[in-house]
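The next block holds one structure in the form of structure tokens; read it before the comments.
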Amino acid sequence: QVKLVESGGGSVQAGGSLRLSCAASGVFSYRRVWMAWFRQAPGKEREGVATLDSDGPISYADSVKGRFTISKDNAKNTLYLQMNSLKPEDTAMYYCAADFRYGVVRDSPTKYLYWGQGTQVTVSS
């Protein structure tokens, strides 16, 4: 019943901004939820960008600290990733993920049960 759908990707020039959204059906009614944004460029491993739980942001990748902000709006059932000061190396397919399990160390993509289909972000120099 859980469904995640990303949107908001696009093509921007370096220094620009984008806000990604993840419409998350059947997620925010849980007592606790862990959500994250991942990204994957062609030929690269999928990497974690930012994580959040029901109380708020938890962590960011060093490469995006100070530039990206993860947040959620429970009323809209939506997860967001605000991306500022974008760099060409941010170019990737961005995915949102969710999980509801306690006691799980979510240190890799395999630790999240639910995934969206991704939205492409392209940053040109």
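Worth saying up front: this structure is predicted, and the values here are computed from it rather than measured. All residue numbers refer to positions in the sequence shown, counting from 1.
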Is there a donor-acceptor contact under 3.5 Å from the side chain of [X] to the main chain of [Y]?
X	Y	answer
Q40	E47	no
T110	S108	no
T51	S59	yes

**Item:** Residue pairs passing the salt bridge (charged side-chain N to carboxylate O under 4.0 Å, His left out) test where at least one lies in residues 116-125, sequence neighbours excluded
**Value:**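 Checked against salt bridge (charged side-chain N to carboxylate O under 4.0 Å, His left out) - neighbours excluded - no pair reaches residues 116-125.
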Residues in ring-ring contact (aromatic ring centres under 6.0 Å, His included) with [X], at least two apart?
X	value
F100	Y30, Y114
F28	none
Y112	F38

**salt bridge (charged side-chain N to carboxylate O under 4.0 Å, His left out) involving K111 - partner list, sequence neighbours excluded** = D107
**Message:** Could you work out, with salt bridge (charged side-chain N to carboxylate O under 4.0 Å, His left out) as the rule, every residue matching D53, not counting sequence neighbours?
**Reply:** R32
Look up atom [atom1] in [X] and atom [atom2] in [Y], then write down how far apart they are to the nearest 0.5 Å.
X	Y	atom1	atom2	answer
C96	I70	SG	CD1	9.5 Å
M35	R106	CE	CZ	11.5 Å
L52	L79	CG	CG	6.0 Å
E6	L81	CD	CG	11.0 Å

**Request:** Evaluate side-chain contact (heavy atoms from CB on, under 4.5 Å) for W34 paired with I58, printing each intermediate quantity in order.
**Result:** CA-CA 9 Å; W34 288 262; I58 295 175; 4.1 Å; yes
**Request:** Dump the intermediate steps for side-chain contact (heavy atoms from CB on, under 4.5 Å) on T91 and V121, then the final yes or no.
**Result:** CA-CA 5 Å; T91 296; V121 172; 5.8 Å; no
Closest heavy-atom pair and its distance - [X], [Y]:
X	Y	value
D99	L113	OD2-N, 3.2 Å
V2	G26	CG2-O, 3.5 Å
V27	L4	CG2-CD2, 3.9 Å
A92	Q120	O-NE2, 3.3 Å
Y94	D90	OH-O, 2.6 Å

**Prompt:** Is R46 positioned over the aromatic face of W37, cation under 6.0 angstrom from the ring centre and no more than 45 degrees off axis?
**Reply:** no
**Message:** Tell me every residue that passes side-chain hydrogen bond (donor to acceptor under 3.5 Å, both in side chains) with S54, counting only those two or more places apart in sequence or in another chain.
**Reply:**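 Here no residue qualifies.
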Please list, chain by chain and in numerical order, all residues satisfying side chain to side chain contact (heavy atoms under 4.5 Å, CB included) with [X], sequence neighbours excluded.
X	answer
E45	none
K65	Y60, D62
S85	R67

Show me the donor-acceptor pairs within less than 3.5 Å that the side chains of residues 9-25 make with the rest of the protein, sequence neighbours left out.
from : atom 1 : to  : atom 2 : distance (Å)
S17  : OG     : N84 : OD1    : 2.9

**Prompt:** Out of curiosity, does V49 fall in the hydrophobic cluster containing M83 (side-chain heavy atoms, cut-off under 4.5 Å, transitive links)?
**Reply:**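 Result: yes, single cluster for both.
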**Request:** Spell out, yes or no, whether Y95 and F68 are grouped together once hydrophobic residues are joined by side-chain heavy atoms under 4.5 Å, including indirect joins.
**Result:**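 No; F68 is not reachable from Y95 via cluster members.
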**Request:** Could you name each residue pair satisfying disulfide (SG to SG under 2.5 Å) that touches residues 30-70, not counting sequence neighbours?
**Result:**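 Output for this query is empty, none listed.
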**Request:** Please assess Y80 against K72 for the test side-chain contact (heavy atoms from CB on, under 4.5 Å), listing each intermediate value before the final yes or no.
**Result:** CA-CA 6 Å; Y80 300 101; K72 61 181 174 64; 5.8 Å; no
